[in-house]
Amino acid sequence: MRKEIKKSPWAWVPSLYFAEGIPYVTVMTISLIMYKRLGMSNADITLYTSWLYLPWVIKPLWSPFIDIIRTKRWWIVTMQLLIGAALGGVAFTIHADWWVQGTLCFFWLMAFSSATHDIAADGFYMMGLNLYQQTFFVGIRTLFYRIATIVGQGLLVMLAGNLEVVTRSIRYSWSLMFYLIAGIFIALWLYHNWVLPRPKEDGEHKDTSASQILSELRYTIVTFFQKPQWIVGICFMLFYRMPEGLLSKVSSLFLIDAPHNGGLGLSPAEFGLVQGTVGMIGLTLGGILGGVVASSDGLKRWLWPMVMAITLPDLVYVYLSYALDSGLFVINVCVFIEQFGYGFGFSAYMLYLIYYSRGEHKTSHYALCTAFMALSMMIPGLFAGALQEAVSYRQFFIIVVATCSLTYIVTSRLKIEPEFGKKEQ
């Protein structure tokens with residue numbers, strides 16, 4: 001047997017979570033901008049791309065089977081190869097007459113592969129590192145996931161926009177950009193095939209049958225719906241982010257839509273700066289601050305300030321819909337404020353998922369909570385574009401602000417222990 005060479009976590013943890021972030025942002029954001037540039041209607045864009053949340057919604061249902069079918073290392077490198085192939089497929093089919101069906105087919109492959117990659121990567125992280133290393137690298141993995149998001153919806157969208165100017169062809173420029181990402185992912189696949197360690201635990205499979213897994217899954221789901229305040233909890237998971245579920249995709253389309261359609265008319269390069277860079281920085285800083293204050297005083301103390309932070313900044317889009325001639329600086333400031341508020345307010349949501357999942361089967365229950373989290377973005381996104389086209393951007397943003405009342409209603413019904421979230425907890 002060959003001797004396993006011990007590899008530093010620095011050699012694979014940052015690149016693994018960079019590889020986890022790229023396909024997600026490609027499916028959720030880059031696809032949105034590409035379809036808009038190719039002339040698809042807002043209603044179709046939000047409908048088709050919102051369905052791409054489905055793999056993350058149903059992810060808890062197939063995650064147990066990854067533990068008994070091959071190793072997590074095998075799943076990681078195989079999914080990275082499939083993601084690279086899917087990216088190449090998108091690049092190839094952009095030029096076809098059936099480009100809508102072709103690109104959506106490969107985005108679906110990418111979404112399912114990415115969700116499976118998430119399951120395997122998180123499990124492998126715990127197997128490949130000891131407890132101290134897991135604690136130390138938790139911030140590193142988050143950082144590189146954020147970097148992947150900035151690279152995806154910032155630099156890569158800006159690159160596609162600049163290629164449009166150089167090539168004078170929208171399809172050709174986006175095709176080149178997707179071929180570039182495919183090349184990056186093939187390189188990541190080759191690298192991780194070599195650098196990922198082979199933990200002994202990853203090769204040990206429990207003698208568990210599929211029927212036993214299904215029985216355990218059924219018990220987990222039943223106990224999930226037997227928790228105290230389960231109706232209020234699920235309503236909170238579904239409706240706390242209802243305004244953001246409506247806003248997230250349409251706000252991006254508003255930024256790049258032409259002024260005669262009621263949009264701001266940003267170029268892809270400007271969008272990459274505004275939403276992909278400045279917005280992501282605001283989101284990250286807001287999330288960091290939310291975690292700091294909640295760990296200091298507890299979730300209950302900061303719950304209502306976080307609710308206001310995730311709702312009130314939505315007003316900036318109402319302002320921008322009236323001030324269509326706003327300069328790039330003003331647009332950057334508005335997007336930063338909205339994203340910072342969302343990052344700060346989202347901390348309450350994530351902490352509540354942890355709070356609800358406490359007790360027996362907390363890992364499985366948390367996975368079910370994340371399924372509701374994905375569903376809370378998927379459902380409003382399905383009809384957001386059609387609603388916007390029916391009423392205009394300005395009226396749509398006013399409706400979004402009105403739906404913030406749902407956030408306040410579901411939050412008012414929560415009962416949270418005052419000490420939860422504090423540092424000593």
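With Asn162 contributing its side chain and Met158 its backbone, the two residues share a donor-acceptor pair below 3.5 Å. Under a 3.5 Å cut-off, the side chain of Thr277 and the backbone N or O of Ile150 do not form any donor-acceptor pair.
Taking the six-membered ring wherever Trp is involved, the centroid distance between the rings of Trp74 and Phe124 does not fall below 6.0 Å. Checked against the 6.0 Å centroid threshold, Trp189 and Phe185 do not count as a close aromatic pair. Aromatic pair Phe254/Phe396: ring centres not closer than 6.0 Å.
How far OG of Ser376 is from CZ of Arg241: 4.0 Å, rounded to the nearest 0.5 Å. For the atom pair Ile399 CD1 and Gln388 CD, the distance stands at 10.0 Å (nearest 0.5 Å).
Counting only N and O atoms by type, the side chains of Lys36 and Asn42 include a donor and acceptor under 3.5 Å apart. There is a side-chain donor-acceptor pair under 3.5 Å between Thr103 and Tyr35.
In summary, of the residues considered (Tyr342, Tyr240, Tyr355), a ring-ring contact (aromatic ring centres under 6.0 Å, His included) with Tyr349 occurs for Tyr240 alone.
In this pair, Phe372 and Phe224 present their aromatic rings parallel. The plane angle is below 30°, not in the 30 to 60° band. Between Phe336 and Phe340, the two ring planes are parallel [angle under 30°; tilted spans 30° to 60°]. The aromatic rings of Trp304 and Tyr408 sit parallel to each other, their planes meeting at less than 30°, with 60° as the upper class boundary.
Within 6.0 Å of atom OH in Tyr191, more than 12 heavy atoms from other residues, nucleotides or ligands are found, so the atom counts as buried in its surroundings.
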